[in-house]
Number of protein chains: 2
Amino acid sequence: MASRAKATILDIARAAGVSKSTVSLVLQGSGLIRPDTAAKVRKAIEDVGYVYNRGAANLRKAHSNVIGMVINDLTNPFFAELAVGMERVFQSAGIVPFIANTAENPVRQEEVLKSLMEQGVAGLIVSPARGSTPDAFRRLEAAGVPVVFAMRRLPESRIPVIAPDNHRGAFLATRHLIGKGHRRLAFFGGSADLVVYHERLGGFREACETLGIAPADVLVFEGETSRKGGIACLEAALALAEPPTAALCFNDAVAFGAMLALRKRGLEPGSDFAVVGFDDVVEAEHYMPALTSVAVDTPGLGERAAHVVLKMIQSRTTRAEDHIGAVNLVVRESCGPDRSQEVRRAAMGGVA
Amino acid sequence: MASRAKATILDIARAAGVSKSTVSLVLQGSGLIRPDTAAKVRKAIEDVGYVYNRGAANLRKAHSNVIGMVINDLTNPFFAELAVGMERVFQSAGIVPFIANTAENPVRQEEVLKSLMEQGVAGLIVSPARGSTPDAFRRLEAAGVPVVFAMRRLPESRIPVIAPDNHRGAFLATRHLIGKGHRRLAFFGGSADLVVYHERLGGFREACETLGIAPADVLVFEGETSRKGGIACLEAALALAEPPTAALCFNDAVAFGAMLALRKRGLEPGSDFAVVGFDDVVEAEHYMPALTSVAVDTPGLGERAAHVVLKMIQSRTTRAEDHIGAVNLVVRESCGPDRSQEVRRAAMGGVA
DNA sequence: GCCTATAAATGGAACGTTCCAATAAATCAA
DNA sequence: TTGATTTATTGGAACGTTCCATTTATAGGC
C-alpha cells in the first residue's frame with residue numbers, strides 16, 4: 001500500500017519550480033547552481049519522498065559505483081574478518097559494497113558473478129570458491145571489470161592477488177616446532193585443488209628439509225579445511241604405528257578440530273601433542289589452550305584489497321601488482337612441551 | 001583493456017539477423033519464439049559475449065529481482081548462520097541476494113538502506129542495528145518495499161518480525177538453573193536499547209519470581225553483547241560481597257567471555273559457577289566445557305524470513321504475520337555441579 | 001545605456017531494455 | 001484460391017536519468 005507511482009526527478013522539478021536538469025545538477029552536488037535554488041530543490045526532494053533511481057542513472061553514465069565482494073564462505077570467521085577490513089575502506093569512500101556468498105560452490109559462484117555483472121558492478125573483490133577455474137572469470141575480464149583476488153589465487157590467472165606470504169608463514173611455524181624438539185611432523189588439512197595449500201605445504205616441506213628432518217618423518221594428511229577435517233586428520237595420524245608428535249594445520253579451523261580430537265582421547269594439546277594453526281582468527285587466543293598460529297593480518301589484507309580495486313576502477317585498468325602480506329608467528333600455549341615460554345596477548349583485545 | 005563498447009541487445013539482434021524484440025523475448029524465456037530462432041539468438045549472445053543490463057530492464061519493468069539482506073554484525077557467527085539459512089532458499093528460487101553489513105551502526109545502516117533503495121530492491125530482510133529507530137524504515141514503507149525484520153524487532157513498528165521465543169527460552173534456561181539448586185542468579189550482558197534484551201530478561205525474571213527466588217537474589221548486569229562484555233559482567237559479579245552462583249547470558253558470545261574470565265581466575269565453569277548461553281551457535285558444543293545454551297534454530301529462522309519476504313513480494317503487500325520460532329534448551333556441561341546428566345551431540349555434526 | 005563576460009538554468013537526445021500494438025508468415029477450413 | 005485463425009516476429013514509445021549545447025539572467029566595463 002501507499003505505493004503511489006514513484007516520484008521522479010520531473011516531479012520534484014515541478015514541485016520546486018525548476019527544470020529537471022537543475023534537479024539533476026543538485027543531486028550531483030554541482031557547484032553550478034545557486035545555493036538558494038539548491039535548497040529549494042532539496043526541500044522538494046524531502047517533501048515528496050523522492051528516491052534516486054541509480055539504474056536509470058547508470059544507463060546514461062555507464063559507470064556505476066557498485067562494488068561487489070564475493071566470499072567463498074561467510075560462516076568462516078576468517079572471511080568475515082576479511083570482509084570487515086574491506087568494508088572499512090569502502091565506507092570511508094562513501095560507497096556501499098554488496099557482499100555475496102558462494103558457499104565454496106563454483107556453480108553458485110558462476111551465478112553470483114553473472115548477477116553482479118548484470119547489475120553493472122564497477123569492480124569486484126573475490127575470494128574464489130575452491131575448484132573454480134580461470135574460465136569463470138574470463139567474462140569479467142572481457143567486460144573490462146576490475147577484479148582482485150583476496151587470500152586465494154587461481155593457477156595461471158592474470159588477475160592481481162592480495163594474499164599473505166603463505167610459504168614463509170608455514171616455514172616459520174615449522175621451524176618453531178622443530179626448535180621445540182619435534183622430529184616427526186605432520187601437515188593437517190587442505191587439498192591439492194587449492195593453490196594456498198601448495199604454498200603452505202611448500203613452506204612446511206622446505207623447513208623440514210633444510211632443518212634436517214628425515215623425509216620419512218614428514219607426514220601429510222589431506223582433509224577438509226574445517227574443524228571436522230582437523231578431527232579426521234588427527235585420528236588418522238594417531239592411528240599410525242609411529243605417530244607424529246606435532247602438526248602444522250592448514251588453518252585455525254583445522255587446528256581447533258585437532259585439539260578437540262586430542263581432548264576426546266584424553267590427550268592435552270600442547271604438552272602431549274603440539275598444534276599450530278594458520279590465520280590467527282580472533283578465537284585463537286581465546287581457545288583452551290590458546291592456539292599458536294601464523295598471524296596474517298586479515299583485516300589489513302582486506303583493506304589493501306579494497307584500496308587496490310578502488311585504484312583500478314579510478315584508473316580504468318584491469319591490471320595491478322600482486323601484494324604479498326607479511327606474516328608472523330604468534331606463540332601461545334598449544335605447542336611444544338616447553339610451557340615456560342608462553343606468550344599471552346591481553347584477553348580483552350580480541351573483540352573486533 | 002578489451003573494454004570495447006559493451007554489446008547491447010541490438011548488437012546481438014544484428015548478429016542473429018532478428019529484431020531486438022525477438023532477442024528480448026528469448027532473454028525472458030518466452031515460449032513464443034520458435035526454438036531454432038531462439039537457438040540462433042543464444043548462439044549470438046555467446047559469441048558476442050553479451051551481458052544483460054538489468055538496470056535498463058528495471059527501468060521499464062519497475063520490478064527488480066534484487067533482494068537485500070542487511071545484517072548488523074557479520075563477524076558474529078550467529079548472524080552468519082542466519083544469512084546462510086536465507087541464502088539457501090534464495091538460491092533455490094534462482095535469485096542472488098546481496099548482503100550488506102551495518103556493523104551495529106545506525107548511521108551506516110541509513111546509508112546502506114538508502115543505497116539499497118536506489119538500487120531498486122524488491123524486498124529486504126533486516127536485522128536492525130542496535131539503537132535504530134522506526135524512522136529509519138519509514139522511507140522503505142512509503143516506497144512500498146516489503147521488509148521483514150529477522151531476530152530483532154523495533155519498538156512500535158508495523159514491520160513483520162521473524163524471531164525466536166526469547167521469553168520462553170530464557171524461562172527454560174533459568175528454570176534449569178534453579179532446578180540445579182542455584183538460589184542466587186545473575187543475568188549477564190545486553191542493554192536496554194534492544195527489545196530482545198527485555199524479552200530475555202523478562203523470561204529470566206518470570207522464572208525467578210514464580211520459582212521462589214527472592215528479589216534480592218536476582219542480579220542484572222548490563223554489558224556489551226560480546227565476549228568482552230561477558231568478561232566484564234563476570235568480574236563485576238564476583239566483586240560482589242555475596243556473588244551469584246550461576247548466570248544466564250544474553251547470548252553465547254557473552255557466555256564464552258564469562259567462561260574465559262572464570263578460567264582466568266582459576267575457577268571451573270560448570271562446577272564452580274554455572275553458565276548458560278543463548279542462541280546455541282555451532283561453537284557452543286565445541287567449547288571447553290561445552291556450553292549449555294538455548295537453541296533457536298538460526299538457519300531455520302533465516303529460511304523462514306526468506307520465504308516470508310518472497311511471498312510478500314509476490315503478493316505485493318508490505319504486511320505479514322510475525323513468526324515466533326520454537327526454542328529448546330540444549331544441556332551440556334557448563335552448568336550445575338551435577339555432571340552426570342551431560343547431553344552431547346555428535347562431535348561431527350557442527351560443520352555447516 | 002550598450003557590449004561583453006560570467007553565472008545559472010534549461011530543453012532535448014541518448015542510454016538499453018520491455019511491452020503493446022501491429023505486421024508477416026504459416027496453417028487451416030472452406 | 002480466399003478468408004479466417006493461429007503462430008512468430010517486429011517497430012516504436014516509453015522508463016528516469018545525464019550531459020551537451022543553448023538560452024536566459026546577472027554583473028562588469030566603458
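Hydrogens, waters and symmetry mates play no part in the numbers below; they use all other heavy atoms, side chains included. Order of the sequence lines sets the chain letters (A, B, ...), proteins ahead of strands, with each chain counted from 1.
Taking atom CZ of A:R54 as the reference point, atom C1' of D:dT17 lies 12 Å away to the nearest angstrom.
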In a table with atom names and distances, give each donor-acceptor pair under 3.5 Å that connects a side chain of residues 143-155 of chain A to protein atoms at least two apart or in another chain.
from: A:R152; atom 1: NH1; to: A:E104; atom 2: OE1; distance (Å): 2.8
from: A:R152; atom 1: NH1; to: A:P128; atom 2: O; distance (Å): 2.9
from: A:R152; atom 1: NH2; to: A:E104; atom 2: OE2; distance (Å): 3.1
from: A:R153; atom 1: NE; to: A:E199; atom 2: OE2; distance (Å): 3.1

Under 3.5 Å, which donor-acceptor pairs do the side chains of residues 17-26 of chain A form with other protein atoms, sequence neighbours left out?
from: A:S19; atom 1: OG; to: A:S21; atom 2: N; distance (Å): 3.3
from: A:S19; atom 1: OG; to: A:T22; atom 2: N; distance (Å): 3.3
from: A:S19; atom 1: OG; to: A:T22; atom 2: OG1; distance (Å): 3.2
from: A:S24; atom 1: OG; to: A:Q28; atom 2: NE2; distance (Å): 2.9

Would you give me the side-chain donor-acceptor pairs under 3.5 Å for residues 40-48 of chain B, sequence neighbours excluded?
from: B:K43; atom 1: NZ; to: B:D47; atom 2: OD2; distance (Å): 2.7
from: B:E46; atom 1: OE2; to: A:R139; atom 2: NH2; distance (Å): 3.0

Only pairs under 3.5 Å count here: list side-chain donor-acceptor contacts from residues 297-310 of chain A, not counting sequence neighbours, and write none if there are none.
from: A:D297; atom 1: OD1; to: A:G300; atom 2: N; distance (Å): 3.2
from: A:E303; atom 1: OE2; to: A:R88; atom 2: NE; distance (Å): 3.0
from: A:E303; atom 1: OE2; to: A:R88; atom 2: NH2; distance (Å): 2.9
from: A:H307; atom 1: ND1; to: A:E303; atom 2: O; distance (Å): 3.3

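Considering all non-hydrogen atoms of both residues, B:T317 and B:R319 come closest at OG1-N, 3.0 Å.
A close approach under 4.0 Å does occur between a side-chain nitrogen or oxygen of B:T22 and OP1 or OP2 of D:dT10.
Contacts classified as ring pair (Phe, Tyr, Trp, His ring centres under 6.0 Å) and involving residues 32-78 of chain B (residues at least two apart or in different chains) are not found. Counting only residues at least two apart or on different chains, the side chain to side chain donor-acceptor pair (under 3.5 Å) pairs with a member in residues 89-101 of chain A are A:N101-B:E87.
Taking the salt bridge (Lys or Arg N to Asp or Glu O under 4.0 Å) definition, one finds that B:K114 meets it with B:E118, sequence neighbours left out. Residues satisfying the side chain to side chain donor-acceptor pair (under 3.5 Å) test with B:Q119, not counting sequence neighbours, are none. Residues that satisfy the ring pair (Phe, Tyr, Trp, His ring centres under 6.0 Å) test with B:F98, not counting sequence neighbours, are A:F98.
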Counting primed atoms plus P, OP1 and OP2 as sugar-phosphate and everything else as base, spell out the protein contacts along nucleotides 11-16 of chain C at 4.0 Å heavy-atom distance: B, S or - for each nucleotide, 5' to 3'.
BBBBBB
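The stretch residues 27-42 of chain B touches DNA chain C through B:Q28, each having a heavy atom within less than 4.0 Å of the strand.
Comparing the axis of the opening five pairs of the helix from C:dG1-D:dC30 to C:dA30-D:dT1 with that of the closing five pairs yields an angle of 40°, rounded to 10°.
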